[in-house]
Amino acid sequence: MTSRMTAVRPRWLRVLDLVIVAGSAIYVAARFSEKGGFVNVGFYLPLSAFVVVVVATRGRALVDLFASRLGMATIAFALGTLYAVAITPDRGEAWRSFLPAHGRMFLTALFIGYAASRASYARLLLWAFIGGAAASIGRQVATHVEVWQLSGGWIPSYHTPEFLRIRPLGEAHALYLPALVAIIAVVPARPWRLGLAAIVVIEALLLVPTGFRGAWLAVVAASVLVAALAGKWRALAALAVVGFLAIGAALTTLPDAGRIVAERFQRLDTGRADTWGPAIDMVRERPLAGHGYGQELYHRTYAAEALARDWVLKESGGAHNMYLSTAFASGIFGLAALVWLYVEMARAFIAAFRRSAGWEPKALALAGFAALFGPYVVHGAFEDKLWPVLGIPLGLALGFDAMRRVMGRTDAFPEKPN
């Protein structure tokens, strides 16, 4: 039998590789787009191609992604989430909630993980982050222009339809902004660094009117860790100074901007203790077993207990905390699985950053780390609706962890026995 090390991948399988990578790039760039068609193409096209690859490789493509501690942590978290669905009184409702949230997250991680395990395509995935940031900027700027045309001001007031359009873009900036800071710390060409720095400053400006205080903390924390890992303290400090000066200039020169933003930061995301406290109380009731999966179940459980409790808020607004919502759903073991998953993802990114020879996979690894630490480790303490997008950094981590096992190996497509 010919050695597995000399087996050659067929051309059609290499074409499928390209389809998966291209689809993954579309998904990363278009995830926060209002054009649902782009998101669906970026999801279903690479997922379908990945299924074909798994069948063609007799499962090897799947094994490569999960044959590690990170793979075990991913499986543990998946099992914990499925357990929460299984114990929910209304399982049909739980499944309908699971599929677009955690379900999409796990499926996204599969094809993005496969794409990220191919080091030669790292540049395309880097461009996807840059393209996603540029698209989010374009959407928000267009909204601000509409507000100016309607009212003569640039920043929409609280509770207006225009504000409800820019508010979700804070989640996009929370993902892309730290990733772009990480890319700046690694990219060698000065013109590219300056161009990316301009995008980062514009994104920082646009993040302010969305009112996401947790996102600001996430961006700062992720940037500090990026500077520590890359050793680029002076460059990133200069970028921070420029960003804060630009924000200050905008708030002092645009009509009513300072007043509206100050009002927004006072009114939005206030009283987090009033949402976290009840969540902790409900977790304490069933710390091991959990209550079950879904926001609707959380709201019903909250409503059933609110009158008998001394909670400030008598109507549920959600836990606003990914850690507490996980503990509510599947107990402390589910929470432990989530923390383990984050630890293993961070380990995979840091190892890939330190071991990668080329700047492109190194930049992608650092961008993936920033996209994990900012939006999830930090901002996840303030929001609990970011689950579908977690598939992007999770997939990148799985891909980098698998890369050292598939790099330079040609037996990913097993030859037929003679």
Could you tell me whether the side chain of R354 reaches within less than 4.5 Å of the side chain of L229, counting heavy atoms only?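 Heavy-atom side-chain distance check passes, below 4.5 Å.
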
Is R309 close to D281 at the side-chain level, that is, under 4.5 Å between some pair of heavy atoms?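 Yes, close enough: below the 4.5 Å cut-off.
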
Take Y176 and I130 through the side chain to side chain contact (heavy atoms under 4.5 Å, CB included) test and state the conclusion after the steps. CA-CA 8 Å; Y176 295 127; I130 298 171; over 6 Å; no

Applying side chain to side chain donor-acceptor pair (under 3.5 Å), run through H173 and Q140 and close with a yes or a no. CA-CA 11 Å; H173 299 320; Q140 190 167 341; 2.7 Å; yes

I'd like to know if the side chain of E171 pairs up with that of H379 as donor and acceptor (distance under 3.5 Å, no hydrogens or angles considered).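 No, no side-chain donor-acceptor contact under 3.5 Å.
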
What I want to check is whether the side chains of Y114 and D17 have a donor and an acceptor closer together than 3.5 Å. yes

Can R104 be said to sit on top of F106's aromatic six-ring, NZ or CZ under 6.0 Å from centre and within 45° of the ring axis? no

Measure centre to centre between the rings of [X] and [Y], then say whether the value is under 6.0 Å.
X	Y	value
Y302	W311	yes
Y293	H102	yes
F369	F353	no

Do side-chain atoms of [X] reach the backbone of [Y] as a donor and acceptor pair under 3.5 angstrom?
X	Y	value
Y27	I112	no
T88	D90	no
N321	A381	yes
E360	A122	no

Is the shortest distance from a Lys or Arg side-chain nitrogen in E344 or R347 to a carboxylate oxygen in the other one below 4.0 Å?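 Yes, this pair counts.
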
Would you mind checking if E305 and K314 are paired as a salt bridge, meaning a charged N to carboxylate O distance below 4.0 Å?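 Result for this pair is no, no salt bridge flagged.
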
